[in-house]
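Below is one structure, written out as structure tokens, with a few remarks after it.
Numbers here are sequence positions counted from 1.
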Amino acid sequence: MPETPLGEPCLSVIDYVNWAVHRAFTTRQMEHFESVSQKVSLLHDIYDSNTRYTRKAPFDVSKAAPLELGS
């Protein structure tokens, strides 16, 4: 049976982090990602298979592969 955020509060946190990363890539707005960035230890840019962001090499939207929506 699927869980709901009320039944499993961690789902809300995971959803927020995923949304923050998605928003950074699609709108290039970093403020939401920055609020959780200390909790993200690895971020893999699937549009640039050679790029992985870590705590030592943090994610910066200006370095990310351009995301072309609607292509």
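- Within the model, atoms CZ of F25 and CG of D45 stand 4.0 Å from one another, a figure rounded to the nearest 0.5 Å.
- Counting heavy atoms of neighbouring residues, nucleotides and ligands inside a 6.0 Å radius, atom CZ of R55 exceeds 12 of them.
- Across every non-hydrogen atom of R28 and V61, the tightest pair is NH2-O, 2.6 Å.
- Within 6.0 Å of atom CD in Q38, 12 or fewer heavy atoms from other residues, nucleotides or ligands are found, so the atom counts as exposed in its surroundings.
- Separation of atoms CG (L43) and OG (S37) is listed at 10.5 Å; rounding is to 0.5 Å.
- Each of Y16 and I14 belongs to its own hydrophobic cluster when Ile, Leu, Val, Met, Phe, Trp and Tyr are linked at side-chain heavy-atom distances under 4.5 angstrom.
- For the atom pair NE2 of H32 and OG1 of T27, the computed distance is 7.5 Å after rounding to the nearest 0.5 Å.
- One distance of note links CG of N50 with NE2 of H44; it measures 8.5 Å at 0.5 Å rounding.
- When the side chain to side chain contact (heavy atoms under 4.5 Å, CB included) test is applied to E34, the partners found at least two apart in sequence or on another chain are M30.
- Under the rule for a ring pair (Phe, Tyr, Trp, His ring centres under 6.0 Å), the partners of F33 that lie at least two apart in sequence or sit in another chain are F59.
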